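Encoded as structure tokens, the structure appears first; notes follow it.
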Amino acid sequence: MTGRQPLLSLAVSPRTASQAPRRVRILGAGGTIAMAGTGGDGTSATPALDAEQLVAAIPGLEGRDDLEARTVVNVPSAHLTLSDILMICREARDAARRGMGVVVTHGTDALEETAMLCDVLHDAEAPIVFTGAIRPASAPGADGPANLLDAVSVAASPEAAGMGVLVVFGGEIHHARCARKTDTTSLTAFSSPQTGPVGRVTEGHPTLWSRLPRNPPLDPPDLDRRVLVVPSGAGDDGTLARAALETEPDGVVIGTLGAGHLAPEVMQLWADAAERIPVVAYCRPERGVVLTGTYGYAGSERDLRETGIIPAGFLSPQAARMKLLACVASGLSIDEVRWAFRQDDG
Ligand code: GLU
């Protein structure tokens, strides 16, 4: 087990790079960035552009011989299957293993999940950068071209080497493990509630001011496992927990109130389940982690940490689900899953 590492360390990148930029592979994976139709007037947005067309439409990218583009899938987030997501992540990782910077254009609705899984798989130095758009390619003020241009600059940049997977959106750079879609329609739809952005892109130049430690990678053969996210709320009587457990999941990501608190009966249900399957707990607030001993009432974090329930650390429920899926699909034991999540529970 590794010791505690700081979540972020400061590393401001100089504005003049000493190394040459990387070649970049752009992988199209659908989403609004690849859609046309402005909506509202009978021409609602649907998938329209492949990755080559996306690049060709952007002054500053078209005709560049250090770029190559390929469409992996062209669907909205809500149509992606877990095997699509694994295929996208593998393509990105394999290109990064060959030393290329990688940009994945993706629907914003489920970008968090694919970017997180990609970070779990990613085992090379070259950066992988996810981006997308809020406005379809045909809309006035479409944001896709600027986002793609920024993402390419980050993927090509020597300063982004060793950063793992990043999300570039609205001029901000987020780490995949921290990024969340926090606004349905804003041009800065992503934020990192726990940490803030790790950098930004200005005048086509990425500035990175902090880094996250990399985690040991996993390489699941598939994602054919059932991992459910089960939230909790005031007055929880365990109905949802029992229903979830009746589906015989391979793992569960559970919501806790505040910093790791549950109704005592619900805590007991999950404590019993945690003897058989990995049960990972996130905090309902967007920021903060499961405490260790501030409260001592029944169902407090003190009880939680005495059970086999595994704190998700700073990960969102979406991110924790993808990591747990990768863990169980890789055949990790409950103790190995605990070790894997310990890296995010600083
Ligand atoms: N706003 C979303 C997008 O950016 C909707 C569609 C999707 O996620 O695929 O791409």
Side-chain angles (χ1 to χ4, degrees), residues 26-55 57-58 61 69-89 91-92 102-119 128-152 154-155 165-176 178-193 197 201 223 229 316-319 321-322 325:
I26 297 164
L27 297 175
T32 300
I33 192 168
M35 294 189 194
T38 49
D41 61 355
T43 55
S44 302
T46 49
L49 304 173
D50 62 25
E52 291 83 355
Q53 290 168 315
L54 272 181
V55 172
I58 300 177
L61 288 187
R70 201 186 103 70
T71 304
V72 185
V73 287
N74 195 357
V75 293
S77 295
H79 294 194
L80 285 168
T81 64
L82 288 174
S83 64
D84 291 333
I85 289 172
L86 184 57
M87 177 173 65
I88 295 163
C89 294
E91 279 221 28
V102 182
V103 172
V104 181
T105 59
H106 197 289
T108 56
D109 288 356
L111 188 150
E112 287 168 66
E113 276 95 330
T114 310
M116 176 66 199
L117 181 73
C118 197
D119 193 67
I128 299 176
V129 181
F130 278 69
T131 195
I134 285 298
R135 296 179 181 154
S138 56
D143 53 329
N147 285 342
L148 185 50
L149 210 48
D150 284 351
V152 167
V154 176
V165 178
L166 301 169
V167 175
V168 170
F169 213 91
E172 295 178 341
I173 308 172
H174 298 271
H175 198 282
C178 304
R180 298 178 75 157
K181 184 174 181 182
T182 45
D183 194 309
T184 52
T185 53
S186 165
L187 300 188
T188 47
F190 287 85
S191 59
S192 299
V201 184
L223 295 178
V229 178
S316 69
Q318 301 74 267
R321 170 172 166 253
M322 297 314 286
L325 257 175

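In each ligand, atom 1 is the first atom listed, and ligand 1 is the first ligand listed. Note that the structure is predicted; figures quoted are calculated from it, not measured.
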Value rounded to 0.5 Å, distance of CE in M116 from SG in C178: 9.0 Å
Per-atom contacts, ligand 1 versus G31 - under 4.0 Å to a heavy atom: 9 (O), 10 (O)
Heavy atom of A133, distance to ligand 1 below 4.0 Å: yes
Candidate pair D119 and H175, rule side chain to side chain contact (heavy atoms under 4.5 Å, CB included), full reasoning: CA-CA 9 Å; D119 193 67; H175 198 282; 3.5 Å; yes
Nearest atoms (heavy-atom pairs only) where C89 meets L117: SG-CD2, 3.7 Å
Verdict with reasoning, I58 to V152, per side chain to side chain contact (heavy atoms under 4.5 Å, CB included): CA-CA 12 Å; I58 300 177; V152 167; over 6 Å; no
Polar proximity ligand 1 side, T32 side, N/O cut 3.5 Å exclusive: yes
Nearest neighbour in protein (non-hydrogen) for atom 2 (C) of ligand 1: T108 OG1, 3.1 Å
Ligand 1 atoms in contact with P76 (distance to a heavy atom under 4.0 Å): 9 (O)
Under 3.5 Å: N/O of T184 near N/O of ligand 1: no
Side-chain heavy-atom pair T188, D183 within 4.5 angstrom cut-off: no
Atoms of ligand 1, numbered as shown, that sit under 4.0 Å from any heavy atom of S77: 7 (C), 8 (O), 9 (O)
Nearest heavy-atom neighbours spanning H106 and F130: CD2-CE2, 4.0 Å
Proximal ligand 1 atoms for K181, defined as those under 4.0 Å from one of its heavy atoms: 1 (N)
